[in-house]
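Here's the structure we're looking at; comments come further down.
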Amino acid sequence: AVREEAEKEEGGDPEWGSRGLTEQQAAKAGGVKAVAGRAGGVTPADAVLVLLLGHGSFNGTQAAFNLMGPDLTVDEWTRLLGRLPAQRVAFVNTSSSSGAFLPAVAAPGRVVVTATKTGGEPHATPFPPFFVAAFNHPPADPHPPRPAPLAQAYQSATTHGHHPAPPQALPPTPPPP
């Protein structure tokens, strides 16, 4: 659905300033271009959300978000995020092995959400669809005027049976009863 929306809207959602990548654009150069291109239009007062939906990997020393062709490593993502002048940046990596991203991309003013606690969790997680659904349509309001706050989406996703690492700068979700 995310890819279909990106293809339908070509440039994303102008009201929210969103930008998605089609399957053909989902290569290393496309990811770099999308973030670098967005950086030029962002001010320090803006809020930026980077949402990764897909697969990740971790070889014991280097984590990466898998793309068509060469992957974008955690170090490359850290540099790309550092180019954003916004003081409020949310980085949500819903991929497998995404927990390895947390220590590297964490920075002041940045909220980091990962679907796994560590890089050593290589299997796909159930977290992404629950997170995206909660972000787009919070349970309390099925037709919200804007996306749900990250904390609300995270807590909703974790109540559906998956407990990734708590987001940096957000209180941890209590364990299930």
Side-chain angles (χ1 to χ4, degrees), residues 1-7 9 11-13 16-39 42 47-59 62-84 86 88-107 109-136 147-151 153-154 156-158 162-170:
V2 172
R3 184 183 60 188
E4 292 168 359
E5 286 298 313
E7 289 172 347
E9 297 179 6
D13 183 346
W16 295 104
S18 66
R19 172 100 168 92
L21 297 179
T22 64
E23 189 171 321
Q24 293 77 22
Q25 296 168 323
K28 187 173 189 172
V32 169
K33 183 179 176 184
V35 177
R38 178 62 65 204
V42 172
V48 175
L49 168 65
V50 177
L51 173 63
L52 303 182
L53 298 168
H55 301 281
S57 60
F58 181 63
N59 66 9
Q62 183 68 265
F65 182 72
N66 302 146
L67 299 166
M68 297 176 71
D71 299 332
L72 269 168
T73 67
V74 67
D75 295 334
E76 291 167 320
W77 277 110
T78 301
R79 285 192 295 279
L80 283 171
L81 293 171
R83 294 172 65 179
L84 295 169
R88 297 174 297 149
V89 175
F91 180 80
V92 180
N93 185 346
T94 68
S95 72
S96 53
S97 300
S98 57
F101 276 70
L102 183 58
V105 300
R110 189 176 297 158
V111 172
V112 178
V113 176
T114 62
T116 68
K117 292 179 183 179
T118 71
E121 298 173 68
H123 304 291
T125 73
F127 183 73
F130 292 115
F131 180 84
V132 171
F135 186 75
N136 285 330
L150 287 176
Y154 171 81
S156 178
T158 59
H162 184 68
H163 299 277
Q168 177 202 357
L170 294 177

### Heavy-atom closest pair, residues Asn59 and Gln62
OD1-N, 2.7 Å
### Query
Is Ser96 reaching over with its side chain to a backbone N or O of Gly56, donor-acceptor style, under 3.5 angstrom?
yes
### Query
Which atoms form the tightest heavy-atom contact between Ala63 and Phe101, and what is the distance?
CB-CE1, 3.8 Å
### Message
Tell me whether Thr116 contacts the main-chain N or O of Gly99 through its side chain, where contact means a donor paired with an acceptor under 3.5 Å.
### Response
yes
#### Entry: Shortest non-hydrogen separation from Ser95 to Ala115 and the atoms involved
O-CB, 3.8 Å
### Message
Give me the atom names and distance for the closest heavy-atom approach of Gly82 to Arg110.
### Response
N-NH2, 3.9 Å
### Query
Do the non-hydrogen side-chain atoms of Trp77 and Val50 ever get within less than 4.5 Å of each other?
yes
### Rounded distance (nearest 0.5 Å) linking atom CG of Leu51 with atom CZ of Phe131
6.5 Å
### Query
Rounded to the nearest 0.5 Å, how far does CG of Leu80 lie from CG of Leu72?
6.5 Å
### Task
Quick one: pull up OG1 in Thr73 and CZ in Arg79 and give me the separation to the nearest 0.5 Å.
6.0 Å
### Query
In Å and rounded to the nearest 0.5 Å, what is the OG1 to CZ distance from Thr125 to Phe130?
10.0 Å
#### Entry: Minimum side-chain heavy-atom gap Asn93-Phe65 below 4.5 Å
yes
### Task
Measure across Gly54 and Thr94 and return the closest heavy-atom pair with its distance rounded to 0.1 Å.
N-OG1, 4.3 Å
#### Entry: Exercise: identify the closest heavy-atom pair between Glu76 and Asp71
OE1-O, 3.5 Å
### Task
Evaluate the side-chain proximity of Leu81 to Val48: yes if any heavy-atom separation is below 4.5 Å, no if none is.
no
### Query
Are the side chains of Leu84 and Phe91 in touch, meaning some heavy atoms are under 4.5 Å apart?
no
